[in-house]
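Here's the structure, in structure tokens; my notes come after.
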Amino acid sequence: MKVGVLISGRGSNLQSLMDACATPGFPAEIAIVISNKADAAGLDIARAAKIPARVISHSDYPTRESFDAALDAALREAGAEFICSAGFMRILSDGFVEKWRDRQLNIHPSLLPAFKGLHVHRRVLEAGCRVTGCTVHFVRAAMDEGPIVAQAAVAVHPGDTEETLAARVLEAEHKLYPLALRFVAEGRTRIVEERVLIDGELASTQSILPVPPL
Ligand code: GRF
């Protein structure tokens, strides 16, 4: 399965997807990386691995729809059949989301549907949560919403700061995204009533990464 990866920044999830795709027998390959920001470090990660990388800057387009049309054209030109958003910080238009319906994944650093949006780890700490995590889900029009493919639980430790917690969740993200992409690329997922079945089962234990022991 040819995948287009959308990024806006650091690109550590992109790196984890690239590493997975480079392992023998992985059922997906990255056809193109697109960033809406020219200075995204993830672009260098892609270029160093000789993966086509393009900047499509949202500020060059008068409307969200015209930006999304350029994104769509670049993805199709590269032969992408599927999209992985990995730290892509733009809201996509309903039209784009519909075009790629059930063919786009996103990763979010919380156990959705809790803590959608920005500043997740700060809000998790403020709420006094003992457990947090990350989610890979199919993309729908509403931000950080859509059928859940896989989740990883991560413990909040005493004394955690936003930074230490973010780092621990990020480690889990790097395992979870390749796992979720594998399920989808192997054709093992099916969306029924907006829930994802894996091998015909809801909440397959294979799509849960447990809290590591303290
Ligand atoms: C990750 O925490 C991801 O869950 C969120 O944005 C961050 C992107 O990090 N959507 P990176 O660019 O993949 O390193």
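Any value given below was found using the heavy atoms of this structure, including those in side chains, with hydrogens, waters and symmetry copies removed.
Contact of the H121 side chain with the V169 side chain is registered, since non-hydrogen atoms from C-beta on lie closer than 4.5 Å. Looking at heavy atoms from C-beta onward, R122 lies out of side-chain contact with L165 at the 4.5 angstrom threshold. Taking 4.5 Å as the limit, some side-chain heavy atom of L75 sits within range of a side-chain heavy atom of F96. Put simply, the side chain of I107 does not reach to within 4.5 Å of the side chain of L105, judged on heavy atoms. R190 has its side chain out of reach of V196: every pair of non-hydrogen atoms, C-beta onward, lies at least 4.5 Å apart. E173 places none of its side-chain heavy atoms less than 4.5 Å from the side chain of S16. Between M1 and E186, every side-chain heavy-atom pair lies at or beyond the 4.5 Å cut-off. Residues L43 and V55 meet the side-chain proximity criterion, which asks for heavy atoms closer than 4.5 Å.
In the hydrophobic cluster analysis, where Ile, Leu, Val, Met, Phe, Trp and Tyr join through side-chain heavy atoms closer than 4.5 angstrom, I32 is grouped together with F67. F26 and L14 fall within the same hydrophobic cluster, where Ile, Leu, Val, Met, Phe, Trp and Tyr residues are linked whenever their side-chain heavy atoms come under 4.5 Å apart, directly or through other members. Residues I7 and Y177 fall within the same hydrophobic cluster, defined by Ile, Leu, Val, Met, Phe, Trp and Tyr side chains chained together at heavy-atom separations under 4.5 Å. In the hydrophobic cluster analysis, where Ile, Leu, Val, Met, Phe, Trp and Tyr join through side-chain heavy atoms closer than 4.5 angstrom, V5 is grouped apart from F88. Hydrophobic clustering (side-chain heavy atoms under 4.5 Å, transitive across Ile, Leu, Val, Met, Phe, Trp, Tyr) keeps L71 apart from V3.
Taking the six-membered ring where the residue is Trp, F138 and F82 present perpendicular rings, their angle passing 60° and hence far from 30°.
Using a cutoff of 4.0 Å between basic side-chain nitrogens and carboxylate oxygens, D68 and K99 are not scored as salt-bridged. Between E77 and R54 a salt bridge is recorded (basic side-chain N to carboxylate O distance below 4.0 Å). Salt bridge R101/E194: present, at least one basic N to carboxylate O contact under 4.0 Å. A salt bridge links D102 to R140: one of the charged nitrogens lies within less than 4.0 Å of a carboxylate oxygen.
Of the possible polar contacts, one joining the R103 side chain to the E81 backbone as a donor-acceptor pair under 3.5 Å is found. No donor-acceptor distance shorter than 3.5 angstrom exists from the side chain of S93 to the backbone of E65, with no hydrogens or angles considered. R130 places a side-chain N or O within 3.5 Å of a backbone atom of G128 that can act as its donor or acceptor partner. Panel note: side chain R64, backbone H58; no donor-acceptor pair is recorded below 3.5 Å.
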Next on the checklist: What verdict does the side-chain contact (heavy atoms from CB on, under 4.5 Å) test give for L179 and K175, after you've listed the backbone C-alpha separation in whole Å, the side-chain angles of each residue and the deciding distance to 0.1 Å?
Outcome noted: CA-CA 7 Å; L179 178 82; K175 295 187 190 124; over 6 Å; no
Checklist entry - Can you list the steps and then say if V136 with N106 is a side-chain contact (heavy atoms from CB on, under 4.5 Å)? => result CA-CA 6 Å; V136 176; N106 179 46; over 6 Å; no
Next on the checklist: Run the side-chain contact (heavy atoms from CB on, under 4.5 Å) test on I56 and N36 for me, step by step, so that the C-alpha distance in whole Å, both residues' side-chain angles and the decisive distance to 0.1 Å come before the verdict.
Outcome noted: CA-CA 5 Å; I56 301 180; N36 66 312; over 6 Å; no
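The side chain to side chain contact (heavy atoms under 4.5 Å, CB included) with L125 is formed by just one residue from the set T132, V156, V120; it is V156. Paired with E145 under the rule side chain to side chain donor-acceptor pair (under 3.5 Å), one option of H137, H108, K116 passes, and it is K116.
Residue A155 comes nearest to R168 through the heavy atom pair O-NH1, 3.0 Å, listed as atom of the first residue, atom of the second, then distance. In this structure, I51 and I30 approach most closely via the heavy-atom pair CG2-CG2, 3.9 Å. A46 and A53 get closest at one heavy-atom pair: CB-CB, 4.0 Å. Here the closest non-hydrogen pair linking N13 and A86 is CB-CB, 3.9 Å. Scanning all heavy atoms of the two residues, the minimum distance from Q104 to S85 falls at NE2-OG, 3.1 Å. Residues L181 and C84 approach most closely at CD1-SG, 3.9 Å, considering heavy atoms.
Here the CD1-OG distance, from I34 to S8, works out to 11.5 Å after rounding to the nearest 0.5 Å. The NZ atom of K37 sits 10.0 Å away from the OG atom of S59 when rounded to the nearest 0.5 Å. From I191, atom CD1 reaches atom CG of L197 across 9.5 Å, with rounding to the nearest 0.5 Å. Between S110 atom OG and Q151 atom CD the span is 8.0 Å, to the nearest 0.5 Å. A distance of 10.5 Å separates CG in L202 from CD in E193, rounded to the nearest 0.5 Å. Summarising the geometry, atom CG belonging to D144 is positioned 9.0 Å from atom CD1 belonging to I91; distances are rounded to the nearest 0.5 Å.
Between T164 and H157, the side chains place no donor N or O within less than 3.5 Å of an acceptor N or O (distance only, hydrogens not considered).
For CZ of R195, the number of neighbouring non-hydrogen atoms (other residues, nucleotides, ligands) closer than 6.0 Å is 12 at most.
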